[in-house]
2 protein chains.
Amino acid sequence: MAERAVNNPIGTGESLLFLTDEQLRRGIEAMFFAYRGFTADPDRILQNYEYGRAHHRAIHFINRTPGTTVNNLLSILGVTKQSLNRVLRSLIADGLVESRVGVQDKRERHLYLTETGAKLERELSEAQRNRMRAAYRNAGPEAVAGFRAVLEQMMDPEMLRHFQAGMDT
Amino acid sequence: MAERAVNNPIGTGESLLFLTDEQLRRGIEAMFFAYRGFTADPDRILQNYEYGRAHHRAIHFINRTPGTTVNNLLSILGVTKQSLNRVLRSLIADGLVESRVGVQDKRERHLYLTETGAKLERELSEAQRNRMRAAYRNAGPEAVAGFRAVLEQMMDPEMLRHFQAGMDT
DNA sequence: AGTTTATGTCAGTCTTGTTGACTTTCCAAG
DNA sequence: CTTGGAAAGTCAACAAGACTGACATAAACT
């Protein structure tokens with residue numbers, strides 16, 4: 001087994017993985033450089049609106065789960081409520097997000113995109129999807145499955161929970 | 001073709017890719033959540049040293065290419081020199097990085113990790129490699145190849161250049 | 001000699017994260 | 001029923017790390 005592994009460092013067959021520090025380092029740098037590309041297009045667009053990445057994240061997840069509460073958004077984004085609040089305040093003031101007091105629990109605020117908010121969301125996600133689509137196409141179908149599998153394994157358990165929660169919506 | 005594509009959205013066979021916005025959205029969120037996991041361990045460690053992610057990045061690439069110049073580091077990291085300078089200044093002051101005046105071109109500063117710097121680098125990269133290794137193992141060999149292929153496709157051309165430059169070192 | 005390049009620094013701003021203190025609302029134990 | 005704590009959200013102040021712009025120095029190039 002050890003011998004086969006040496007001959008097939010990251011073989012595609014039935015061999016086990018034999019991973020050198022060097023190969024792992026390349027994976028790490030791939031993540032670093034790719035994430036830059038991943039955020040580049042939305043970042044460019046956001047400058048025209050005087051918003052930042054934090055606004056993009058809020059808009060994305062409010063769009064994914066309309067009516068989500070501030071608290072739920074907090075645990076998804078992993079920031080403090082004060083930090084998120086500043087972002088939400090500006091989005092609400094600018095009329096991109098609507099905040100409705102909860103019916104059952106009046107402490108909660110349920111968040112929705114307005115038509116303006118949905119329009120920005122589409123502009124941002126279209127740019128990001130175009131890049132993702134191009135990457136998927138050029139890499140091929142098997143690569144996409146592998147990409148998703150490794151990324152899932154890289155998540156912390158709670159992040160994985162949030163990720164999978166978005167599957168059944 | 002359209003029919004087969006519908007039946008095999010991201011088939012592994014000879015079918016072309018048929019990508020719904022929903023599938024692309026999952027890929028986008030996978031990147032978001034996975035990047036958090038990717039940086040979680042180093043971030044935790046860095047708190048003990050009163051450093052941030054910016055210091056980690058500098059340390060990583062100085063370790064990858066010892067003797068690199070400030071200018072080269074700038075184009076890899078994609079930040080302004082003022083921003084990088086603040087980070088380098090503190091690392092040099094704390095004795096983790098050494099800056100040597102260039103021999104041929106005395107305007108250049110060549111950067112090296114000291115023994116202390118190399119020690120922190122090992123601590124950080126070990127944590128990050130462990131996570132990457134675990135993700136690779138759980139996802140399997142074919143997944144790793146796909147992961148790398150998609151990430152490369154996601155990079156901007158200049159990032160890809162820097163990424164590939166690190167292959168032959 | 002004059003220009004460009006590589007680096008460093010000062011000052012000021014912006015985004016986005018943090019902690020601390022506060023209000024409103026809900027719920028449950030006495 | 002009341003009261004005290006927990007939960008959700010808001011306001012204020014601060015810190016890290018990015019940015020721009022201006023300027024300085026030294027070395028290299030033309």
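First the proteins, then the strands, lettered A, B, ... as listed; each starts at 1. Because the structure is predicted, anything quoted here is derived from the model rather than measured.
- Summarising the geometry, the separation between CG on B:N71 and P on C:dT4 is reported as 17 Å, rounded to the nearest angstrom.
- Following rounding to the nearest Å, B:L88 (CG) and C:dT7 (P) show an atom-to-atom distance of 10 Å.
- Dashed line: the shortest gap from a side-chain N or O of B:N85 to OP1 or OP2 of C:dT7 is not under 4.0 Å.
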Please assess B:V150 against B:Q153 for the test side chain to side chain contact (heavy atoms under 4.5 Å, CB included), listing each intermediate value before the final yes or no.
CA-CA 5 Å; B:V150 174; B:Q153 292 296 327; 5.6 Å; no

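- When DNA chain D is scanned in the 5' to 3' direction for atoms under 4.0 Å from non-hydrogen atoms of chain A, the outermost contacting nucleotides are D:dA6 to D:dA12.
- B:V103 and B:Y112 end up in different hydrophobic clusters when Ile, Leu, Val, Met, Phe, Trp and Tyr side chains are linked at under 4.5 Å.
- In terms of heavy-atom proximity, B:V87 sits nearest to B:A58 at CG1-CB, 4.2 Å.
- Ion pairing between B:D43 and B:R36 fails under the 4.0 Å rule for side-chain N and carboxylate O.
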Do nucleotides 17-27 of chain C as a string where each nucleotide becomes B, S or -: B if the base has a protein heavy atom under 4.0 Å, S if just the sugar-phosphate does, - if no protein is that close.
BBBBB---BS-

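- Checked for salt-bridge contact, B:R25 and B:E22 meet the test: a charged N lies under 4.0 Å from a carboxylate O.
- The side-chain contact (heavy atoms from CB on, under 4.5 Å) test applied to B:N71 returns B:T69, B:L74, not counting sequence neighbours.
- Here C:dC14 presents its C1' atom at 12 Å from CD of A:Q47, a figure rounded to the nearest Å.
- Counting all heavy atoms, side chain and backbone alike, B:D156 lies closest to A:A40 at OD2-CB, 4.0 Å.
- The nearest whole Å value for the distance from the CZ atom in A:R89 to the P atom in C:dT16 is 14 Å.
- Between A:Y51 and B:N72, the residue anchored nearer the 5' end of DNA chain C, judged by the nucleotide with its closest heavy atom, is B:N72.
- Between B:G102 and B:H110, the closest heavy-atom pair is CA-CD2, 3.3 Å.
- Contacts of B:H55 with the nucleic acid, taken as non-hydrogen atoms under 4.0 Å apart, involve only primed sugar atoms and P, OP1 or OP2.
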Let me have DNA chain C in dot-bracket notation, would you? Count Watson-Crick plus G-U wobble pairs, both distances under 3.5 Å, and use [ ] for pairs crossing earlier ones and | for inter-strand partners.
||||||||||||||||||||||||||||||

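- Using a cut-off of 4.0 Å between Lys/Arg side-chain N and Asp/Glu carboxylate O, B:R129 and A:D21 are scored as salt-bridged.
- Tested against A:F32 for a ring pair (Phe, Tyr, Trp, His ring centres under 6.0 Å), the candidates B:F38, B:F163, B:F61, B:Y35 yield a single pass: B:F61.
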Atom pairs and distances, donor-acceptor, side-chain atoms in residues 75-83 of chain A, under 3.5 Å, two or more places apart:
residue: A:S75; atom: OG; partner: A:N72; partner atom: O; Å: 3.3
residue: A:S75; atom: OG; partner: A:H162; partner atom: NE2; Å: 3.1
residue: A:T80; atom: OG1; partner: A:S83; partner atom: N; Å: 3.3

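- Inspection of the A:D94 and A:Y49 side chains reveals no N or O donor paired with an N or O acceptor under 3.5 Å.
- If you check residues 30-40 of chain B against DNA chain D, you find no residue with a heavy atom closer than 4.0 Å.
- For B:I92 against B:S99, the heavy-atom pair with the smallest separation is CD1-CB, 3.8 Å.
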